Amino acid sequence: MPRRAGALLDPASASRYLTTPLMDKPRVRFAPSPTGYLHIGGARTALFNWLWARKTGGTFVLRIEDTDQERSTDASTRVILDSMRWLGLDWDEGPGVGGPHGPYFQMQRLDLYAAHADRLVAEGKAYRCYATREEIDALRMKLPEKKRDGFVYPHLWRDKTEADWIPNAPYVIRFKTPLAGATEFVDKVFGAIKTPHASIEDFVIIRSDGVPLYNFGAVVDDVTMNITLVARGSDHIINTPKQILLYQALGAAVPEFAHLPMMQSPAGRKLSKRVGDEQGVDVPVEKYQQNGWVPDGLLNYIARFGWSAGDQEIFSRDELVAKFDWANCGTGDGRYDKKKALWVSGEHLKRLTDEDFAARVYPFLARVGVTIGADDPRLLPAARTVKTRSARLLDAAEAMAFYFNDITLDPAAAEKFLTDDAKANLRAMAELLDGVADFTDAGIGAAVEAWLAERALDIKIVAQPARVALTGRTASPGLYEVIAVLGREVAVRRLRAAAGA
RNA sequence: GCCACCGUCGUCUAAGGGCCAGGACACCGGAUUUUCGUUCCGGUUGAUGGGGGUUCGAAUCCCUCCGGUGGUGCCA
């Protein structure tokens with residue numbers, strides 16, 4: 001494993017760059033592309049940036065990188081923003097809130113990119129390339145098959161001058177990458193990373209339609225938005241040298257960089273939505289919302305992925321803010337672990353107050369066919385009985401449904417437990433409950449225990465049949481609490497129905 | 001192919017030259033319990049990718065091989 005930040009640069013070979021002067025407060029950003037949904041890995045990137053901003057009193061900027069016009073949609077922007085809000089990752093500048101460095105959509109900043117690109121061209125640091133895609137492809141195809149993969153743009157227009165420009169013909173703008181030397185930077189997570197310029201081709205910074213490509217748009221924005229620390233997935237490590245070259249060409253201070261290892265599928269694949277579906281992992285953040293995760297639970301799981309603080313596993317949002325640091329980020333890619341994710345979710349549910357838990361479960365009740373009012377007096381006591389046995393709110397709602405809706409007996413359970421002897425006991429129990437004065441968990445328990453003692457019956461004999469009769473299933477919260485929440489009328493009716501059937 | 005990065009229990013991680021490689025999830029066993037779950041206890045159940053070095057001593061430093069990931073686009 002490489003030494004993290006602090007590894008030495010080789011001053012002789014690296015082209016040095018300006019270090020961001022220690023400014024007052026960090027400015028970080030999250031810059032998603034609106035091409036679908038908020039990816040769980042993207043949420044993690046956003047979270048780490050947000051944590052750093054909140055911890056340091058810095059600024060968290062949200063920017064929408066919508067320059068891929070083929071795939072970007074407004075609907076997607078809304079979905080991403082909604083997921084960010086649901087997670088509680090509020091941004092200080094960006095869509096909806098504005099800010100002094102807007103607009104925060106790249107397609108509304110085209111003039112800015114053009115101006116910067118033109119300046120680079122004027123200064124000889126970039127150049128117009130009139131070679132068409134077809135032309136370049138033809139050159140590539142001329143190579144022997146084995147060498148085609150290694151084809152790089154052959155500097156066709158690198159040394160041409162304005163006199164060579166073709167009037168009215170489309171062109172792209174390419175960056176004039178230094179032919180020799182190397183660019184090295186010290187990543188806050190990965191340590192020193194060095195890339196020889198020879199391995200960087202003269203990459204396109206502006207398309208023929210005037211729209212910038214990722215590397216250029218991101219740099220111009222990060223410069224003009226005064227971003228001091230760029231934190232993103234390690235898939236961008238490869239882009240960093242190009243971007244540093246761009247900062248230097250623009251005469252701008254180079255920000256700090258922090259890359260995060262990738263979150264892979266359980267089988268170690270790239271975590272795309274399709275792969276996630278195949279391997280049982282929810283990739284879009286909206287799915288977690290729909291399945292009844294609490295935001296802090298999701299944040300906890302993804303924070304703890306690639307980062308740690310001693311042996312602690314469960315963190316509140318505030319603890320995350322207090323304890324987060326780039327130095328405790330690891331470098332190895334990791335695999336999503338669904339079981340652990342669910343465990344973390346459940347731990348967060350357990351830590352909710354009963355009232356809070358009930359209020360959060362309520363919206364999910366409708367999803368499982370329960371239509372009660374938010375002020376239904378059974379809601380809180382019912383919710384309380386399933387809180388510690390559910391991993392997500394949707395699971396809790398499902399586990400609670402029997403309290404409110406008519407039940408159907410699980411056939412296998414009925415077959416096994418609703419024997420003639422058991423039915424006789426259920427009738428007797430119904431009788432008993434009818435007369436219990438203190439119809440509470442404790443009161444019912446006392447009455448039933450006394451009744452059992454009187455008849456020399458073991459609770460094990462009557463519990464399961466009663467459970468099946470009352471809930472339809474063999475697994476449920478404690479029998480007495482179930483009865484108490486159900487209420488005398490319903491409990492008695494269900495016992496008799498099962499006994500009579 | 002080339003470039004960059006990464007490699008500790010099945011999984012997430014700790015230890016960054018020196019006490020049995022620690023914790024968590026998972027898994028197995030047990031206790032408690034009216035079921036499930038919770039909770040508690042136990043686990044020689046389980047790992048430094050392989051091989052070379054350096055060193056009294058290596059998961060840790062060096063070399064090499066292997067493996068994985070990302071990139072190699074007028075995607076981001």
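Residue numbering restarts at 1 for every chain, and letters A, B, ... go by the order of the sequence lines. For clarity, every value in this text was computed on a predicted model and none was experimentally measured.
- The side chain of A:Lys339 has B:rC27 as its nearest neighbour among B:rC75, B:rG73, B:rC27.
- Taking 4.0 angstrom as the limit, A:Ser234 places none of its side-chain polar atoms (N or O) nearer than this to OP1 or OP2 of B:rC5.
- Within 4.0 Å of A:Gln264, counting heavy atoms only, lie sugar-phosphate atoms of the nucleic acid but no base atom.
- Residue A:Asp311 has its side chain nearest to B:rG22 when only B:rG71, B:rC25, B:rG22 are considered.
- Of all the residues in residues 465-475 of chain A, A:Arg467, A:Thr474, A:Ala475 reach under 4.0 Å from RNA chain B with at least one non-hydrogen atom.
- For B:rC9 and B:rU45, the C1' atoms lie 9 Å apart once the distance is rounded to whole Å.
- Note on A:Gly217: nothing from the nucleic acid sits closer than 4.0 angstrom, heavy atoms only.
- The side chain of A:Thr195 lies closest to B:rA4 when the candidates are B:rA4, B:rU35, B:rU13.
- Contact between the side-chain N/O atoms of A:Thr67 and the OP1/OP2 oxygens of B:rA76 is found at a separation under 4.0 Å.
- With both pairing distances under 3.5 Å, B:rG42 is matched to B:rC28 as a Watson-Crick or G-U wobble pair.
- Distances shown here put a side-chain N or O of A:Arg207 below 4.0 Å from the OP1 or OP2 atom of B:rC75.
- In this structure, A:Ser33 reaches the sugar-phosphate backbone alone: every heavy-atom distance under 4.0 Å involves primed, P, OP1 or OP2 atoms, never a base.
- At B:rG37, none of the side-chain N or O atoms of A:Ser390 fall inside 4.0 Å of OP1 or OP2 (strictly under the cut-off).
- When heavy atoms are screened at a 4.0 angstrom cut-off, A:Gly334 is found touching the sugar-phosphate backbone but no base atom.
- Counting any heavy atom pair closer than 4.0 Å across all strands shown, A:Pro477 reaches a base atom.
- Here the separation of B:rG37 from B:rG18, taken at their C1' atoms, is 45 Å to the nearest Å.
- Residue-level contact check: A:Glu70 touches neither bases nor backbone, having no heavy atom under 4.0 Å from any strand.
- Between A:Tyr288 and A:Trp293, the ring planes lie perpendicular to each other; the angle is over 60°, past the 30° to 60° tilted range.
- Distance A:Glu313 CD to B:rU11 C1': 11 Å, rounded to the nearest Å.
- The distance between atom CG of A:Asp458 and atom P of B:rU33, rounded to the nearest whole Å, is 12 Å.
- Within 4.0 Å of A:Ile237, counting heavy atoms only, lie sugar-phosphate atoms of the nucleic acid but no base atom.
- The base of B:rA76 has none of its N or O atoms less than 3.5 Å from a complementary donor or acceptor on the side chain of A:Asn215.
- Heavy atoms of A:His236 sit under 4.0 angstrom from at least one base atom.
- Rounding to whole angstrom units, CZ of residue A:Arg140 and C1' of B:rG1 are separated by 13 Å.
- With 3.5 Å as the limit, one finds no donor-acceptor pair spanning the side chains of A:Ser316 and A:Arg351.
- A straight line from CD1 of A:Ile461 to C1' of B:rU35 spans 14 Å, rounded to a whole angstrom.
- To the nearest whole angstrom, the two P atoms, one in B:rC61 and one in B:rC5, are 15 Å apart.
- B:rC63 and B:rG68 have their P atoms separated by 22 Å, with the value rounded to a whole Å.
- A donor-acceptor pair is defined here as one N or O able to donate and one able to accept, closer than 3.5 Å; no such pair exists between the side chain of A:Ser390 and the backbone of A:Lys387.
- Put simply, A:Lys242 has no side-chain N or O that comes within less than 4.0 Å of OP1 or OP2 on B:rG71.
- In terms of modelled atom types and a separation under 3.5 Å, the side chain of A:Gln108 and the main chain of A:Phe105 share no donor-acceptor contact.
- The backbone N or O of A:Lys176 sits nowhere less than 3.5 Å from a side-chain atom of A:Asp202 that would complete a donor-acceptor pair.
- Residue contacts for A:Arg71: at a heavy-atom cut-off of 4.0 Å it reaches a base atom on one of the strands shown.
- Backbone-only engagement by A:Glu65 is indicated by non-hydrogen atom pairs under 4.0 Å involving sugar-phosphate atoms exclusively.
- Nearest to the side chain of A:Asp337, among B:rC74, B:rU35, B:rC25, sits B:rC25.
- Of the options A:Tyr171, A:Tyr130, A:Trp165, A:Tyr127, a ring pair (Phe, Tyr, Trp, His ring centres under 6.0 Å) to A:Trp157 is made by A:Tyr130 and by none of the others.
- Atom-to-atom, CZ of A:Arg335 to P of B:rG67 comes out at 16 Å; the value is rounded to the nearest Å.
- Under a cut-off of 6.0 angstrom, the local environment of CD in A:Glu415 is sparse, with at most 12 non-hydrogen atoms contributed by other residues, nucleotides or ligands.
- Using a 4.0 Å heavy-atom distance criterion, A:Val172 is classed as a base contact.
- Between A:Tyr301 and A:His348, the ring center distance fails the sub-6.0 Å criterion.
- The nearest whole Å value for the distance from the CZ atom in A:Phe175 to the C1' atom in B:rG73 is 18 Å.
- With both ends at atom P, the span from B:rC40 to B:rG23 equals 16 Å, rounded to whole Å.
- Here the side chain of A:Thr45 pairs no donor or acceptor atom with the backbone of A:Arg232 at under 3.5 angstrom.
- Between A:Ile80 atom CD1 and B:rA76 atom C1' there is a gap of 11 Å when expressed in whole angstrom units.
- Candidate nucleotides B:rC6, B:rC3, B:rA76 were compared by shortest atom distance to the side chain of A:Thr331, and B:rC6 ranks first.
- With both ends at atom P, the span from B:rC28 to B:rG46 equals 15 Å, rounded to whole Å.
- Ring-plane geometry between A:Phe257 and A:His259 is classed as parallel, the angle between the planes falling under 30 degrees on a 0 to 90 degree scale with a further cut at 60.
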| said: Please determine whether side chain to side chain donor-acceptor pair (under 3.5 Å) holds for the pair A:Ser33 and A:Tyr214, giving the CA-CA distance in whole Å, both sets of side-chain angles, and the decisive distance to 0.1 Å. | reply: CA-CA 10 Å; A:Ser33 293; A:Tyr214 167 71; over 6 Å; no
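- When distances run from any side-chain atom of A:Ser308 to the nucleotides B:rU13, B:rU39, B:rC5, the shortest one goes to B:rU13.
- A:Asp149 comes within 4.0 angstrom of a base, heavy atoms only.
- A:Ile200 has its CD1 atom 13 Å from the P atom of B:rG73, to the nearest Å.
- Proximity of a side-chain donor or acceptor of A:Arg109 to a complementary backbone N or O of A:Tyr104 within less than 3.5 Å is not detected.
- B:rA14 and B:rA59 have their C1' atoms separated by 12 Å, with the value rounded to a whole Å.
- Of all nucleotides listed (B:rA76, B:rG71, B:rC25), B:rG71 comes nearest to the side chain of A:Lys270.
- Nearest nucleotide to the side chain of A:Trp343, out of B:rA24, B:rA4, B:rU13: B:rA24.
- Pair assignment for B:rC20: none, as no Watson-Crick or G-U wobble contacts are both less than 3.5 Å.
- Comparing atom distances between the A:Ala463 side chain and each of B:rU34, B:rC3, B:rC25 picks out B:rU34 as nearest.
- One can find a donor-acceptor pair under 3.5 Å joining the base of B:rC74 and the side-chain atoms of A:Ser208.
- For the P atoms, the distance linking B:rU48 with B:rG10 amounts to 8 Å, nearest Å.
- At a threshold of 4.0 angstrom between heavy atoms, the contacts of A:Tyr336 with the nucleic acid are absent.
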